[in-house]
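All remarks here apply to the structure that follows.
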Number of protein chains: 2
Amino acid sequence: MPTVSSEELAAAAGVNSAKLRKDFSYLGSYGTRGVGYDVEYLVYQISRELGLTQDWPVVIVGIGNLGAALANYGGFASRGFRVAALIDADPAMAGKPVAGIPVQHTDELERIIEDNGVSIGVIATPAGAAQQVCDRLVAAGVTSILNFAPTVLTVPDGVDVRKVDLSIELQILAFHEQRKAGEESAAAAADGAAAPAARRTPSTDQGPDGDVPAVMPA
Amino acid sequence: MPTVSSEELAAAAGVNSAKLRKDFSYLGSYGTRGVGYDVEYLVYQISRELGLTQDWPVVIVGIGNLGAALANYGGFASRGFRVAALIDADPAMAGKPVAGIPVQHTDELERIIEDNGVSIGVIATPAGAAQQVCDRLVAAGVTSILNFAPTVLTVPDGVDVRKVDLSIELQILAFHEQRKAGEESAAAAADGAAAPAARRTPSTDQGPDGDVPAVMPA
DNA sequence: CCATCTTTGTGCACGCGTTCACAAAGACAT
DNA sequence: ATGTCTTTGTGAACGCGTGCACAAAGATGG
(Lines give C-alpha, C1' and ligand atoms only; values in the text may rest on other atoms or scores of the structure.)
Protein backbone atom coordinates (compact mmCIF):
# COMPACT_ATOMS: atom_id res chain seq x y z
CA MET A 1 0.00 0.00 0.00
CA PRO A 2 1.60 3.30 -1.10
CA THR A 3 1.70 5.82 1.69
CA VAL A 4 3.02 9.30 2.41
CA SER A 5 4.06 10.83 5.68
CA SER A 6 2.94 14.28 6.71
CA GLU A 7 6.60 15.23 6.68
CA GLU A 8 7.03 14.32 3.03
CA LEU A 9 3.86 16.09 2.00
CA ALA A 10 4.77 19.16 4.01
CA ALA A 11 8.20 19.35 2.42
CA ALA A 12 6.71 19.01 -1.05
CA ALA A 13 4.08 21.66 -0.39
CA GLY A 14 6.40 23.95 1.50
CA VAL A 15 4.26 24.05 4.62
CA ASN A 16 4.60 22.99 8.22
CA SER A 17 3.96 19.29 8.82
CA ALA A 18 2.06 19.89 12.05
CA LYS A 19 -0.35 22.22 10.33
CA LEU A 20 -0.84 19.73 7.58
CA ARG A 21 -1.67 16.99 10.06
CA LYS A 22 -4.04 19.27 11.91
CA ASP A 23 -5.79 20.20 8.68
CA PHE A 24 -6.17 16.56 7.75
CA SER A 25 -7.56 15.78 11.16
CA TYR A 26 -10.36 18.26 10.53
CA LEU A 27 -11.35 16.28 7.47
CA GLY A 28 -11.48 13.17 9.60
CA SER A 29 -8.82 11.61 7.41
CA TYR A 30 -7.21 8.93 9.41
CA GLY A 31 -3.57 8.19 8.86
CA THR A 32 -1.78 5.26 10.38
CA ARG A 33 0.74 6.01 13.08
CA GLY A 34 4.19 4.82 12.23
CA VAL A 35 3.25 4.55 8.57
CA GLY A 36 1.62 7.69 7.22
CA TYR A 37 -1.41 8.28 5.04
CA ASP A 38 -2.74 5.88 2.46
CA VAL A 39 -2.29 7.90 -0.72
CA GLU A 40 -5.31 6.59 -2.56
CA TYR A 41 -7.66 7.02 0.38
CA LEU A 42 -6.28 10.48 1.11
CA VAL A 43 -6.75 11.65 -2.45
CA TYR A 44 -10.29 10.37 -2.41
CA GLN A 45 -11.12 12.04 0.89
CA ILE A 46 -9.75 15.42 -0.14
CA SER A 47 -11.33 15.20 -3.57
CA ARG A 48 -14.68 14.47 -2.02
CA GLU A 49 -14.39 17.24 0.54
CA LEU A 50 -13.46 19.71 -2.16
CA GLY A 51 -16.28 18.58 -4.40
CA LEU A 52 -14.06 17.15 -7.11
CA THR A 53 -15.93 13.88 -7.19
CA GLN A 54 -19.14 15.62 -8.10
CA ASP A 55 -20.15 16.66 -11.56
CA TRP A 56 -20.72 20.42 -11.73
CA PRO A 57 -22.50 21.61 -14.84
CA VAL A 58 -21.60 25.22 -15.59
CA VAL A 59 -22.74 27.70 -18.21
CA ILE A 60 -20.48 30.33 -19.71
CA VAL A 61 -22.21 33.52 -20.77
CA GLY A 62 -20.44 35.82 -23.19
CA ILE A 63 -18.38 33.97 -25.77
CA GLY A 64 -15.81 36.57 -26.69
CA ASN A 65 -12.11 35.91 -26.46
CA LEU A 66 -12.27 35.26 -22.75
CA GLY A 67 -15.37 33.09 -22.92
CA ALA A 68 -13.79 31.05 -25.69
CA ALA A 69 -10.59 30.74 -23.70
CA LEU A 70 -12.55 29.46 -20.73
CA ALA A 71 -14.50 27.01 -22.90
CA ASN A 72 -11.23 25.64 -24.21
CA TYR A 73 -9.60 25.54 -20.82
CA GLY A 74 -8.59 21.97 -20.07
CA GLY A 75 -8.42 22.37 -16.33
CA PHE A 76 -12.16 22.37 -15.86
CA ALA A 77 -12.95 18.80 -16.80
CA SER A 78 -10.28 17.40 -14.50
CA ARG A 79 -11.66 19.43 -11.62
CA GLY A 80 -15.16 18.03 -11.92
CA PHE A 81 -16.63 20.77 -14.06
CA ARG A 82 -18.60 20.19 -17.21
CA VAL A 83 -19.41 23.01 -19.59
CA ALA A 84 -23.12 22.46 -20.05
CA ALA A 85 -23.61 25.35 -22.44
CA LEU A 86 -22.10 28.42 -24.05
CA ILE A 87 -24.39 31.41 -24.28
CA ASP A 88 -23.99 34.63 -26.21
CA ALA A 89 -26.22 37.57 -27.03
CA ASP A 90 -25.01 37.80 -30.62
CA PRO A 91 -27.42 35.91 -32.93
CA ALA A 92 -24.56 35.48 -35.40
CA MET A 93 -22.75 33.31 -32.88
CA ALA A 94 -25.69 30.94 -32.42
CA GLY A 95 -24.95 27.43 -33.60
CA LYS A 96 -21.28 28.17 -34.16
CA PRO A 97 -19.21 25.63 -32.24
CA VAL A 98 -16.60 26.78 -29.75
CA ALA A 99 -14.44 24.12 -28.17
CA GLY A 100 -16.81 21.58 -29.72
CA ILE A 101 -19.87 23.05 -28.06
CA PRO A 102 -22.44 24.97 -30.09
CA VAL A 103 -23.09 28.49 -28.87
CA GLN A 104 -26.69 29.18 -27.92
CA HIS A 105 -28.55 32.44 -27.84
CA THR A 106 -29.31 34.30 -24.64
CA ASP A 107 -33.01 33.64 -25.13
CA GLU A 108 -32.36 30.01 -24.24
CA LEU A 109 -30.64 30.88 -20.96
CA GLU A 110 -33.45 30.07 -18.56
CA ARG A 111 -34.35 26.82 -20.30
CA ILE A 112 -30.74 25.64 -20.43
CA ILE A 113 -30.20 26.26 -16.75
CA GLU A 114 -33.36 24.47 -15.76
CA ASP A 115 -32.85 21.51 -18.09
CA ASN A 116 -29.30 20.92 -16.93
CA GLY A 117 -29.76 21.75 -13.27
CA VAL A 118 -27.01 24.33 -13.50
CA SER A 119 -26.12 26.06 -10.25
CA ILE A 120 -22.86 27.71 -11.29
CA GLY A 121 -22.63 30.41 -13.92
CA VAL A 122 -19.61 32.13 -15.45
CA ILE A 123 -20.00 35.68 -16.72
CA ALA A 124 -17.51 36.73 -19.40
CA THR A 125 -19.57 39.46 -20.98
CA PRO A 126 -18.70 43.15 -21.33
CA ALA A 127 -19.22 45.14 -18.15
CA GLY A 128 -22.45 46.68 -19.36
CA ALA A 129 -24.26 43.38 -19.76
CA ALA A 130 -22.96 41.69 -16.63
CA GLN A 131 -25.57 42.76 -14.08
CA GLN A 132 -28.42 41.96 -16.40
CA VAL A 133 -27.04 38.52 -17.18
CA CYS A 134 -26.42 38.01 -13.50
CA ASP A 135 -30.02 38.80 -12.62
CA ARG A 136 -31.31 36.34 -15.18
CA LEU A 137 -28.96 33.64 -14.00
CA VAL A 138 -30.04 34.11 -10.42
CA ALA A 139 -33.72 34.20 -11.34
CA ALA A 140 -33.25 30.95 -13.22
CA GLY A 141 -31.79 29.23 -10.19
CA VAL A 142 -28.04 29.80 -10.33
CA THR A 143 -26.60 30.25 -6.83
CA SER A 144 -22.89 30.71 -7.58
CA ILE A 145 -21.43 33.16 -10.05
CA LEU A 146 -17.90 33.62 -11.29
CA ASN A 147 -17.62 37.13 -12.66
CA PHE A 148 -14.89 38.14 -15.09
CA ALA A 149 -16.58 41.41 -16.05
CA PRO A 150 -15.09 44.50 -14.43
CA THR A 151 -18.20 45.26 -12.37
CA VAL A 152 -19.26 44.52 -8.85
CA LEU A 153 -22.45 42.51 -9.10
CA THR A 154 -25.42 42.90 -6.82
CA VAL A 155 -27.04 39.63 -5.83
CA PRO A 156 -29.60 38.52 -3.26
CA ASP A 157 -28.55 36.70 -0.11
CA GLY A 158 -27.65 33.09 -0.60
CA VAL A 159 -25.92 33.70 -3.91
CA ASP A 160 -22.12 33.57 -3.99
CA VAL A 161 -20.20 35.84 -6.30
CA ARG A 162 -16.48 35.73 -6.96
CA LYS A 163 -14.97 38.46 -9.04
CA VAL A 164 -11.85 37.77 -11.05
CA ASP A 165 -9.84 40.80 -12.08
CA LEU A 166 -7.12 39.73 -14.47
CA SER A 167 -5.15 42.88 -13.82
CA ILE A 168 -4.87 42.44 -10.07
CA GLU A 169 -2.18 39.79 -10.30
CA LEU A 170 -0.29 41.95 -12.73
CA GLN A 171 -0.58 44.83 -10.32
CA ILE A 172 0.87 42.75 -7.52
CA LEU A 173 3.82 41.86 -9.74
CA ALA A 174 4.33 45.52 -10.56
CA PHE A 175 4.19 46.33 -6.87
CA HIS A 176 7.03 43.93 -6.14
CA GLU A 177 8.88 45.02 -9.24
CA GLN A 178 8.80 48.57 -7.96
CA ARG A 179 10.30 47.44 -4.67
CA LYS A 180 13.05 45.49 -6.41
CA ALA A 181 14.24 48.37 -8.54
CA GLY A 182 14.97 51.39 -6.45
CA GLU A 183 13.62 51.21 -2.94
CA GLU A 184 15.45 54.35 -1.98
CA SER A 185 15.21 56.35 -5.20
CA ALA A 186 11.46 55.83 -5.41
CA ALA A 187 11.05 56.91 -1.82
CA ALA A 188 13.18 59.98 -2.31
CA ALA A 189 11.45 60.94 -5.53
CA ALA A 190 8.43 62.31 -3.71
CA ASP A 191 8.45 64.59 -0.70
CA GLY A 192 10.13 63.44 2.47
CA ALA A 193 7.02 61.88 3.96
CA ALA A 194 7.71 58.35 2.77
CA ALA A 195 8.39 55.84 5.55
CA PRO A 196 9.69 52.65 3.93
CA ALA A 197 7.99 50.31 6.43
CA ALA A 198 9.47 46.84 6.92
CA ARG A 199 7.86 44.15 4.82
CA ARG A 200 7.75 40.43 5.35
CA THR A 201 10.29 38.52 3.33
CA PRO A 202 8.68 37.65 0.00
CA SER A 203 7.45 34.08 -0.21
CA THR A 204 8.77 31.93 -3.00
CA ASP A 205 5.54 30.16 -3.92
CA GLN A 206 3.38 30.96 -6.91
CA GLY A 207 0.03 31.15 -5.21
CA PRO A 208 -2.45 34.02 -5.11
CA ASP A 209 -1.48 35.06 -1.61
CA GLY A 210 1.59 36.75 -0.15
CA ASP A 211 2.11 40.27 1.06
CA VAL A 212 -0.33 42.63 -0.52
CA PRO A 213 -1.77 45.79 0.98
CA ALA A 214 -5.23 45.09 2.40
CA VAL A 215 -6.74 48.32 1.16
CA MET A 216 -6.70 49.34 -2.47
CA PRO A 217 -9.10 51.34 -4.60
CA ALA A 218 -11.61 49.55 -6.78
CA MET B 1 -10.38 71.02 -0.11
CA PRO B 2 -12.32 67.77 -0.39
CA THR B 3 -11.51 65.38 2.42
CA VAL B 4 -12.59 61.99 3.73
CA SER B 5 -12.45 60.66 7.24
CA SER B 6 -11.11 57.22 8.01
CA GLU B 7 -14.58 56.42 9.30
CA GLU B 8 -16.21 57.16 5.95
CA LEU B 9 -13.61 55.21 4.01
CA ALA B 10 -13.85 52.29 6.38
CA ALA B 11 -17.62 52.15 6.09
CA ALA B 12 -17.39 52.25 2.31
CA ALA B 13 -14.76 49.55 2.17
CA GLY B 14 -16.33 47.42 4.87
CA VAL B 15 -13.26 47.40 7.07
CA ASN B 16 -12.32 48.66 10.49
CA SER B 17 -11.46 52.35 10.64
CA ALA B 18 -8.58 51.83 13.06
CA LYS B 19 -6.94 49.32 10.74
CA LEU B 20 -7.38 51.66 7.84
CA ARG B 21 -5.72 54.48 9.74
CA LYS B 22 -2.90 52.18 10.80
CA ASP B 23 -2.37 51.06 7.22
CA PHE B 24 -2.26 54.63 6.01
CA SER B 25 0.23 55.50 8.70
CA TYR B 26 2.61 52.89 7.27
CA LEU B 27 2.51 54.71 3.96
CA GLY B 28 3.41 57.91 5.75
CA SER B 29 0.19 59.45 4.54
CA TYR B 30 -0.57 62.30 6.80
CA GLY B 31 -4.15 63.14 7.46
CA THR B 32 -5.24 66.20 9.34
CA ARG B 33 -6.70 65.68 12.79
CA GLY B 34 -10.17 66.98 13.10
CA VAL B 35 -10.56 67.02 9.32
CA GLY B 36 -9.55 63.78 7.66
CA TYR B 37 -7.48 62.95 4.61
CA ASP B 38 -7.09 65.17 1.59
CA VAL B 39 -8.65 63.03 -1.11
CA GLU B 40 -6.43 64.11 -3.95
CA TYR B 41 -3.22 63.73 -1.99
CA LEU B 42 -4.32 60.39 -0.63
CA VAL B 43 -5.14 59.03 -4.06
CA TYR B 44 -1.77 60.16 -5.31
CA GLN B 45 0.10 58.63 -2.39
CA ILE B 46 -1.61 55.25 -2.70
CA SER B 47 -1.28 55.25 -6.47
CA ARG B 48 2.40 55.93 -6.21
CA GLU B 49 2.96 53.33 -3.53
CA LEU B 50 1.13 50.74 -5.61
CA GLY B 51 3.04 51.64 -8.73
CA LEU B 52 0.04 52.98 -10.61
CA THR B 53 1.80 56.19 -11.52
CA GLN B 54 4.51 54.34 -13.34
CA ASP B 55 4.28 53.05 -16.88
CA TRP B 56 4.81 49.30 -16.98
CA PRO B 57 5.47 47.87 -20.41
CA VAL B 58 4.40 44.21 -20.60
CA VAL B 59 4.64 41.57 -23.26
CA ILE B 60 2.03 38.87 -23.76
CA VAL B 61 3.36 35.61 -25.12
CA GLY B 62 0.90 33.16 -26.65
CA ILE B 63 -1.89 34.87 -28.55
CA GLY B 64 -4.60 32.24 -28.42
CA ASN B 65 -8.03 32.98 -27.05
CA LEU B 66 -6.67 33.87 -23.64
CA GLY B 67 -3.82 35.97 -24.95
CA ALA B 68 -6.22 37.87 -27.18
CA ALA B 69 -8.61 38.34 -24.27
CA LEU B 70 -5.80 39.79 -22.20
CA ALA B 71 -4.69 42.06 -25.03
CA ASN B 72 -8.23 43.39 -25.29
CA TYR B 73 -8.66 43.74 -21.56
CA GLY B 74 -9.40 47.35 -20.76
CA GLY B 75 -8.34 47.22 -17.16
CA PHE B 76 -4.63 47.20 -17.94
CA ALA B 77 -4.22 50.69 -19.30
CA SER B 78 -6.00 52.29 -16.37
CA ARG B 79 -3.73 50.42 -13.97
CA GLY B 80 -0.54 51.75 -15.48
CA PHE B 81 0.17 48.84 -17.81
CA ARG B 82 0.97 49.17 -21.47
CA VAL B 83 1.00 46.20 -23.80
CA ALA B 84 4.36 46.66 -25.47
CA ALA B 85 4.07 43.63 -27.70
CA LEU B 86 2.14 40.48 -28.52
CA ILE B 87 4.25 37.44 -29.28
CA ASP B 88 3.25 34.10 -30.77
CA ALA B 89 5.13 31.07 -32.07
CA ASP B 90 2.79 30.62 -35.02
CA PRO B 91 4.30 32.31 -38.12
CA ALA B 92 0.79 32.63 -39.55
CA MET B 93 -0.11 34.98 -36.72
CA ALA B 94 2.80 37.32 -37.40
CA GLY B 95 1.68 40.75 -38.50
CA LYS B 96 -1.96 40.05 -37.79
CA PRO B 97 -3.30 42.75 -35.48
CA VAL B 98 -4.94 41.79 -32.20
CA ALA B 99 -6.48 44.60 -30.19
CA GLY B 100 -4.80 46.97 -32.57
CA ILE B 101 -1.33 45.59 -31.92
CA PRO B 102 0.44 43.50 -34.54
CA VAL B 103 1.50 40.04 -33.38
CA GLN B 104 5.21 39.38 -33.62
CA HIS B 105 7.02 36.10 -33.94
CA THR B 106 8.80 34.43 -31.06
CA ASP B 107 12.12 35.03 -32.77
CA GLU B 108 11.77 38.70 -31.95
CA LEU B 109 11.23 38.08 -28.24
CA GLU B 110 14.66 39.02 -26.94
CA ARG B 111 14.93 42.12 -29.10
CA ILE B 112 11.46 43.36 -28.13
CA ILE B 113 12.16 42.97 -24.43
CA GLU B 114 15.44 44.78 -24.63
CA ASP B 115 14.20 47.58 -26.87
CA ASN B 116 11.22 48.30 -24.65
CA GLY B 117 12.84 47.72 -21.30
CA VAL B 118 10.19 45.16 -20.44
CA SER B 119 10.43 43.67 -16.96
CA ILE B 120 7.02 42.00 -16.77
CA GLY B 121 5.96 39.13 -19.02
CA VAL B 122 2.62 37.37 -19.34
CA ILE B 123 2.60 33.74 -20.43
CA ALA B 124 -0.62 32.55 -22.07
CA THR B 125 0.83 29.69 -24.05
CA PRO B 126 -0.08 26.00 -23.87
CA ALA B 127 1.46 24.21 -20.91
CA GLY B 128 4.13 22.56 -23.02
CA ALA B 129 5.69 25.80 -24.18
CA ALA B 130 5.48 27.71 -20.93
CA GLN B 131 8.78 26.78 -19.30
CA GLN B 132 10.72 27.37 -22.49
CA VAL B 133 9.13 30.77 -22.98
CA CYS B 134 9.74 31.54 -19.35
CA ASP B 135 13.44 30.75 -19.65
CA ARG B 136 13.79 33.01 -22.65
CA LEU B 137 11.94 35.83 -20.95
CA VAL B 138 14.15 35.58 -17.89
CA ALA B 139 17.32 35.37 -19.95
CA ALA B 140 16.23 38.49 -21.80
CA GLY B 141 15.83 40.43 -18.58
CA VAL B 142 12.25 39.91 -17.44
CA THR B 143 12.03 39.70 -13.64
CA SER B 144 8.29 39.26 -13.10
CA ILE B 145 6.12 36.67 -14.79
CA LEU B 146 2.38 36.19 -14.77
CA ASN B 147 1.70 32.60 -15.74
CA PHE B 148 -1.67 31.47 -17.07
CA ALA B 149 -0.37 28.13 -18.32
CA PRO B 150 -1.22 25.16 -16.11
CA THR B 151 2.39 24.50 -15.14
CA VAL B 152 4.54 25.46 -12.21
CA LEU B 153 7.46 27.39 -13.61
CA THR B 154 11.02 27.10 -12.40
CA VAL B 155 12.85 30.40 -12.21
CA PRO B 156 16.11 31.64 -10.71
CA ASP B 157 16.14 33.68 -7.52
CA GLY B 158 15.11 37.26 -7.93
CA VAL B 159 12.38 36.48 -10.43
CA ASP B 160 8.76 36.65 -9.27
CA VAL B 161 6.20 34.27 -10.68
CA ARG B 162 2.49 34.39 -10.08
CA LYS B 163 0.39 31.55 -11.39
CA VAL B 164 -3.22 32.16 -12.31
CA ASP B 165 -5.41 29.10 -12.45
CA LEU B 166 -8.78 30.04 -13.89
CA SER B 167 -10.40 26.97 -12.43
CA ILE B 168 -9.44 27.66 -8.84
CA GLU B 169 -12.07 30.30 -8.33
CA LEU B 170 -14.62 27.99 -9.88
CA GLN B 171 -13.51 25.28 -7.52
CA ILE B 172 -14.00 27.56 -4.55
CA LEU B 173 -17.52 28.32 -5.70
CA ALA B 174 -18.21 24.61 -6.08
CA PHE B 175 -16.85 24.05 -2.60
CA HIS B 176 -19.33 26.50 -1.13
CA GLU B 177 -22.08 25.21 -3.37
CA GLN B 178 -21.50 21.76 -1.98
CA ARG B 179 -21.86 23.08 1.56
CA LYS B 180 -25.04 24.93 0.71
CA ALA B 181 -26.84 21.92 -0.73
CA GLY B 182 -26.73 19.01 1.64
CA GLU B 183 -24.27 19.43 4.45
CA GLU B 184 -25.53 16.29 6.14
CA SER B 185 -26.36 14.15 3.12
CA ALA B 186 -22.91 14.68 1.61
CA ALA B 187 -21.27 13.80 4.89
CA ALA B 188 -23.38 10.69 5.32
CA ALA B 189 -22.83 9.59 1.73
CA ALA B 190 -19.35 8.29 2.47
CA ASP B 191 -18.28 6.16 5.40
CA GLY B 192 -18.80 7.41 8.92
CA ALA B 193 -15.39 9.05 9.22
CA ALA B 194 -16.52 12.52 8.18
CA ALA B 195 -16.35 15.14 10.92
CA PRO B 196 -18.21 18.25 9.63
CA ALA B 197 -15.91 20.77 11.33
CA ALA B 198 -17.30 24.23 12.05
CA ARG B 199 -16.57 26.84 9.40
CA ARG B 200 -16.42 30.56 9.65
CA THR B 201 -19.53 32.35 8.47
CA PRO B 202 -19.11 33.06 4.76
CA SER B 203 -18.07 36.60 3.97
CA THR B 204 -20.22 38.60 1.61
CA ASP B 205 -17.49 40.32 -0.37
CA GLN B 206 -16.38 39.37 -3.85
CA GLY B 207 -12.66 39.25 -3.32
CA PRO B 208 -10.26 36.37 -3.84
CA ASP B 209 -10.00 35.62 -0.16
CA GLY B 210 -12.35 34.04 2.35
CA ASP B 211 -12.41 30.57 3.81
CA VAL B 212 -10.60 28.12 1.64
CA PRO B 213 -8.66 25.06 2.72
CA ALA B 214 -4.97 25.86 2.83
CA VAL B 215 -3.83 22.57 1.35
CA MET B 216 -5.05 21.29 -1.96
CA PRO B 217 -3.42 19.16 -4.63
CA ALA B 218 -1.85 20.84 -7.63
C1' DC C 1 -6.73 83.74 22.84
C1' DC C 2 -9.15 80.17 24.86
C1' DA C 3 -12.56 76.48 24.80
C1' DT C 4 -14.65 72.94 22.39
C1' DC C 5 -15.10 69.57 19.02
C1' DT C 6 -13.64 66.43 15.56
C1' DT C 7 -10.50 63.11 13.84
C1' DT C 8 -5.95 61.25 13.61
C1' DG C 9 -2.18 58.27 15.20
C1' DT C 10 -0.99 54.60 18.21
C1' DG C 11 -0.19 51.86 22.71
C1' DC C 12 -2.29 47.92 24.46
C1' DA C 13 -5.02 43.87 24.90
C1' DC C 14 -7.57 40.32 22.95
C1' DG C 15 -8.21 36.42 19.84
C1' DC C 16 -6.87 33.36 16.35
C1' DG C 17 -3.83 30.71 13.69
C1' DT C 18 0.61 28.55 13.48
C1' DT C 19 4.20 25.95 15.46
C1' DC C 20 6.34 23.22 18.97
C1' DA C 21 6.67 19.23 21.41
C1' DC C 22 5.12 15.01 23.21
C1' DA C 23 2.20 11.17 24.44
C1' DA C 24 -0.41 7.54 22.20
C1' DA C 25 -0.72 4.24 18.62
C1' DG C 26 0.46 1.05 15.56
C1' DA C 27 4.00 -1.50 12.61
C1' DC C 28 7.75 -4.44 12.57
C1' DA C 29 11.58 -7.18 14.17
C1' DT C 30 13.22 -10.38 17.41
C1' DA D 1 4.75 -11.53 23.25
C1' DT D 2 7.69 -7.79 24.07
C1' DG D 3 10.50 -3.98 22.80
C1' DT D 4 11.80 -0.55 19.60
C1' DC D 5 10.98 2.67 16.15
C1' DT D 6 8.29 5.60 13.30
C1' DT D 7 4.59 8.72 12.65
C1' DT D 8 0.18 10.48 13.93
C1' DG D 9 -2.98 13.47 16.55
C1' DT D 10 -3.31 17.21 19.64
C1' DG D 11 -2.66 20.08 23.98
C1' DA D 12 -0.19 24.12 24.96
C1' DA D 13 2.61 28.16 23.99
C1' DC D 14 4.06 31.54 21.02
C1' DG D 15 3.52 35.33 17.71
C1' DC D 16 1.01 38.32 14.87
C1' DG D 17 -2.68 40.87 13.19
C1' DT D 18 -6.96 43.23 14.42
C1' DG D 19 -9.78 46.16 17.09
C1' DC D 20 -10.46 49.08 21.12
C1' DA D 21 -9.81 53.17 23.35
C1' DC D 22 -7.56 57.33 24.31
C1' DA D 23 -4.25 61.06 24.22
C1' DA D 24 -2.43 64.45 21.02
C1' DA D 25 -3.31 67.61 17.35
C1' DG D 26 -5.42 70.80 14.82
C1' DA D 27 -9.60 73.23 13.17
C1' DT D 28 -13.33 76.18 14.32
C1' DG D 29 -16.17 79.43 16.84
C1' DG D 30 -16.85 82.74 20.39
Side-chain angles (χ1 to χ4, degrees), chain A residues 1-43 45-46 49 191-205 207 209-216, chain B residues 1-46 49 192-205 207 209-216:
Chain A
M1 181 178 81
T3 59
V4 270
S5 69
S6 61
E7 202 65 52
E8 292 174 280
L9 280 174
V15 297
N16 184 282
S17 65
K19 173 166 168 46
L20 195 142
R21 287 198 296 278
K22 195 162 280 188
D23 283 359
F24 282 3
S25 76
Y26 290 143
L27 301 179
S29 300
Y30 293 149
T32 308
R33 302 184 184 211
V35 177
Y37 297 88
D38 173 23
V39 173
E40 192 181 353
Y41 182 67
L42 186 63
V43 166
Q45 282 291 336
I46 294 178
E49 189 71 20
D191 50 16
R199 298 280 163 180
R200 275 175 278 155
T201 62
S203 58
T204 57
D205 63 2
D209 44 13
D211 51 337
V212 227
V215 178
M216 62 171 82
Chain B
M1 182 179 82
T3 60
V4 269
S5 68
S6 62
E7 202 65 54
E8 293 174 280
L9 279 174
V15 297
N16 183 281
S17 65
K19 173 165 169 48
L20 195 143
R21 286 198 298 278
K22 197 163 281 189
D23 283 359
F24 281 4
S25 76
Y26 290 142
L27 300 180
S29 300
Y30 292 150
T32 309
R33 302 182 183 213
V35 177
Y37 298 88
D38 173 24
V39 172
E40 192 181 352
Y41 182 66
L42 187 62
V43 167
Y44 168 71
Q45 281 292 335
I46 295 178
E49 188 71 20
R199 298 281 162 179
R200 275 175 280 155
T201 63
S203 58
T204 56
D205 63 4
D209 43 13
D211 50 337
V212 229
V215 177
M216 60 171 82

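The sequence lines fix the lettering, A, B, ..., with proteins before strands; numbering per chain opens at 1. The basis for the numbers below is simple: all heavy atoms, side chains too, and nothing from hydrogens, waters or symmetry mates. All figures in this text were calculated on a predicted structure; none of them were measured in a lab.
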Once you round it to whole Å, what is the distance between P of dG19(D) and CZ of F24(B)? 15 Å

Between E40(B) and Y44(B): side-chain donor-acceptor atoms closer than 3.5 Å: no

Applying a 4.0 Å non-hydrogen cut-off, can you work out what S17(B) is touching in the nucleic acid: base, sugar-phosphate, or nothing? nothing

Provide a list of protein-nucleic acid N or O atom pairs under 3.5 angstrom, restricted to nucleotides 19-22 of chain C.
{"unit_1": "dT19(C)", "atom_1": "O4", "unit_2": "K22(A)", "atom_2": "NZ", "d": "2.8"}
{"unit_1": "dC20(C)", "atom_1": "OP2", "unit_2": "N16(A)", "atom_2": "ND2", "d": "3.1"}
{"unit_1": "dA21(C)", "atom_1": "N6", "unit_2": "R21(A)", "atom_2": "NH2", "d": "3.3"}

Partner residues of E8(B) under the side-chain hydrogen bond (donor to acceptor under 3.5 Å, both in side chains) criterion, sequence neighbours left out: S5(B)

If you restrict it to nitrogen or oxygen atoms, what contacts under 3.5 Å exist between nucleotides 23-26 of chain C and the protein, and what is each distance?
{"unit_1": "dA24(C)", "atom_1": "N3", "unit_2": "R33(A)", "atom_2": "NH1", "d": "2.8"}

Looking at OG1 of T32(A) and OH of Y41(A), how far apart are the two atoms once the value is rounded to the nearest 0.5 Å? 10.5 Å

Taking all non-hydrogen atoms of both residues into account, name the closest pair between V39(B) and V4(B) and its distance. CG2-CG2, 3.8 Å

Please determine whether side-chain contact (heavy atoms from CB on, under 4.5 Å) holds for the pair D23(B) and V15(B), giving the CA-CA distance in whole Å, both sets of side-chain angles, and the decisive distance to 0.1 Å. CA-CA 11 Å; D23(B) 283 359; V15(B) 297; over 6 Å; no

Would you say dT6(D) has OP1 or OP2 under 4.0 Å from some side-chain N or O of Y37(A)? no

Excluding sequence neighbours, so at least two apart, what forms side chain to side chain contact (heavy atoms under 4.5 Å, CB included) with S17(A)? S6(A), E7(A), A10(A), R21(A)

Rounded to whole Å, the CG-C1' distance (L20(A) to dT18(C)) equals 13 Å

Between P of dT6(C) and CD of E8(B), the distance in whole Å: 14 Å

For atom CG of D23(B) and atom C1' of dG9(C), their distance in whole Å: 13 Å

Answer yes or no: is there a side-chain heavy-atom contact under 4.5 Å between I46(A) and F24(A)? yes

Side-chain N,O (S6(A)) to OP1/OP2 (dT8(D)) below 4.0 Å: yes

Mind checking whether E49(B) and L27(B) have side chains closer than 4.5 Å, heavy atoms only? yes

Using atom CG of L27(B) as one end and atom C1' of dT8(C) as the other, report the distance to the nearest whole Å. 15 Å

Separation of D38(B) atom CG from dT8(C) atom P, in whole Å? 13 Å

